[in-house]
Amino acid sequence: MAKKTIIGSVKGTRDFYPERMAVRSWLYRTLKEVAEAFGYQEYEGPILETLDLYAAKSGEELVKEQAYVFEDRGGDLITLRPELTPTLARMIAQRQKQLHFPVRWWSFGPFWRYERPQKGRLREFFQWNVDMLGVDTPEADAEMMAIIAHFFRKVGLTPEMVQIRVNNRRLMDDHFQRLGIPAEARMAVSNWVDRRQKMSPADWEAYGRDIGLDAGQIHELVALLDDPNLWQESEELVRFFRAVEALGASEYVTYDAGIVRGLLYYTGTVFEAQEMAGEIRRAVLGGGRYDNLLADVGGEPLSGIGFAMGDVVITLVLEKYGLLPDRLQAHPAQVMVAVFAEDMLPHSLQLSSELRAAGLNVLMYPKAAKLGKQFKYANRLGIPVVALIGEDEAASHSVAVKNMTSGEQVVVPRAQAAEKICQFLA
RNA sequence: GUGGCUGUAGCUCAAUGGCAGAGCACUUGACUGUGGAUCAAGGGGUUGAGGGUUCGAGCCCCUUCAGCCACCCCA
């Protein structure tokens, strides 16, 4: 170990070295293309928000135990944003009178939650958010499926690898009411539904009785959860699936009465995407319809639908299937100008400038050194062409240009150097 | 917040309680105008940190920190 201890990074954060940054940038470019293909505009909010913004609606667990909360110098409680939707709601509410609805916006930025890091979960992560506000039709909900399907296809994820599971909270609430489950117990029941796959049947039933369900209610709820055609009772879901079909996204979407989602503010459609082999147990993305959020942050009532996808899990899934593109690590420099000797430095500086003026990405070796060392440097960095002005070239006003891929080297008049380099790059 | 596993060279990893090593990487040279291949030499370590047991600790014990994994929960 080094004698000096390097100061560590904050737990659960990542250092994006160039090779990792290349992956993040690729993901960003891909998301941008997908969102823009559907006419969505990019936006961003502040990283810091007041605790109040989340206190009402995001859910107790999220705010009390998972949010980064601290007091600023003025004594206000500040939160590192754990999600974007409340910020979006505020931004919309502030300009509600001047925006043209429906609004279609997307974003990709950092979020924090204070948890123990593990596979697929960190304390700082990036999230793609896509939302449409001002329409409350099932067809709008279906557009989210189309966006997600478009993204999956673009990165090579097939319906055999990932599926979006969809449910509707109104449908579930109607049944909860029919079964005599009081409104205040529905949150507990939703949590219970959510845990079904994670517990043994016996434990799960016992847990159900603990939250006040009787045997008859449990029996009926199990029948509901196992009914793949339950969606047909819901006019909303029937229209939703019809639209999903028309949008060509059906193969990625399935109905699942067990999907409830943890966030309090969802009121209608809810969904999450999962990796089908089950090796990556976390949701790839999740979202739903929120009818009351705008009013809750002080705006006029306005319905919205949206989803969020974290970079950590999607990267794991893409890695698993070998779908992260190669060649992401290509060095930006197309040509390196070597420095023959101390007194040749002006030639190298001028040549670099000339080549840049010709539109090339040029990296100059910053000082005179043994040529072997300089060529080795270019080779290690993967720079495809090296240009050099030695004494002979200086005398004849020419440039030696070497193709590092083929090994071919030619001497050309200085005015033709850029052209020759472009030939090598082609 | 609870539990398990792992910390040795830049990286991947060895080393019955008995001289801290290998491969790759790096530097230099063979090759005084040229990378990759080969050969040779070289630099690099408070074995995560602190304490304890022992004639002797990388190894055993305690504490602590970090990373990973699972639980909890999931935006």
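For clarity, every value in this text was computed on a predicted model and none was experimentally measured.
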For A:Glu139, what residues pass the salt bridge (Lys or Arg N to Asp or Glu O under 4.0 Å) criterion, not counting sequence neighbours?
A:Arg239

Relative to the ring of A:Phe151, is the ring of A:Trp128 parallel (under 30°), tilted (30 to 60°) or perpendicular (over 60°)?
tilted

Just how far, in rounded Å, is P of B:rG33 from NE2 of A:His347?
17 Å

Using a cut-off of 4.0 Å on non-hydrogen atoms, how would the nucleic acid contact of A:Ser406 be classed: base, sugar-phosphate, or nothing?
nothing

If you look at every strand shown and take non-hydrogen atoms under 4.0 Å, does A:Gly372 touch a base, only sugar-phosphate, or nothing?
sugar-phosphate

For a quick check of understanding: with a heavy-atom distance under 4.0 Å over all strands, which category does A:Leu84 fall into, base, sugar-phosphate or nothing?
nothing

Hey, does the side chain of A:Arg123 reach the backbone of A:Glu115 with a donor-acceptor pair shorter than 3.5 angstrom?
yes

NZ of A:Lys119: more than 12 outside heavy atoms within 6.0 angstrom?
no

Let me have RNA chain B in dot-bracket notation, would you? Count Watson-Crick plus G-U wobble pairs, both distances under 3.5 Å, and use [ ] for pairs crossing earlier ones and | for inter-strand partners.
(((((((..((((....[..)))).(((((.......))))).....(((((..]....))))))))))))....

Which is true for A:Phe340 with a 4.0 Å heavy-atom rule: it touches a base, it touches only sugar-phosphate, or it touches nothing?
base

Classify A:Lys119 by what it touches in the nucleic acid, base, sugar-phosphate, or nothing, heavy-atom distance under 4.0 Å.
sugar-phosphate

Over 60° means perpendicular and under 30° means parallel, so tell me whether A:Tyr365 and A:Tyr377 are parallel, tilted or perpendicular.
perpendicular

Side-chain N,O (A:Lys370) to OP1/OP2 (B:rU28) below 4.0 Å:
no

Need one value for A:Gly310: base, sugar-phosphate or nothing, where a base atom within 4.0 Å counts as base even if backbone is also close, heavy atoms only.
nothing

Between the base of B:rU34 and the side chain of A:Gln409, is there a donor and acceptor pair under 3.5 angstrom?
yes

Cation-pi check, A:Lys420 onto A:Phe424 ring (under 6.0 Å, within 45° of axis)
yes

Using atom names, set out every protein N or O paired with an N or O of nucleotides 64-67 of chain B below 3.5 Å, distance rounded to 0.1 Å.
from: B:rG67; atom 1: OP2; to: A:Lys11; atom 2: NZ; distance (Å): 3.0

On the 0 to 90° scale, with breaks at 30° and 60°, tag the A:His150-A:Phe38 ring pair as parallel, tilted or perpendicular.
perpendicular

Scan nucleotides 39-42 of chain B against the protein and return all N/O pairs shorter than 3.5 Å with their distances rounded to 0.1 Å.
none

List the residues meeting side chain to side chain donor-acceptor pair (under 3.5 Å) with A:Asp291, not counting sequence neighbours, and say none if there are none.
A:Arg170, A:Thr267, A:Ser303

Which pairs, protein N/O on one side and nucleotides 1-5 of chain B N/O on the other, fall under 3.5 Å?
from: B:rU2; atom 1: O4; to: A:Arg116; atom 2: NH1; distance (Å): 3.2
from: B:rG3; atom 1: O6; to: A:Arg116; atom 2: NH2; distance (Å): 2.9

Which part of the nucleic acid, if any, lies within reach of A:Asn129 when heavy atoms closer than 4.0 Å are counted: base, sugar-phosphate only, or nothing?
nothing

Once the angle between the rings of A:Phe241 and A:Tyr255 is folded into 0 to 90°, is it parallel (under 30°), tilted (30 to 60°) or perpendicular (over 60°)?
perpendicular

cation_pi(A:Arg24, A:Phe126) dist<6.0 Å, angle<=45
yes

Please work out if A:Glu272 contacts a base, only the sugar-phosphate, or nothing of the nucleic acid, heavy-atom cut-off 4.0 Å.
nothing

Please check if any side-chain donor atom of A:Glu143 sits under 3.5 Å from a side-chain acceptor atom of A:Tyr40, or the reverse.
yes

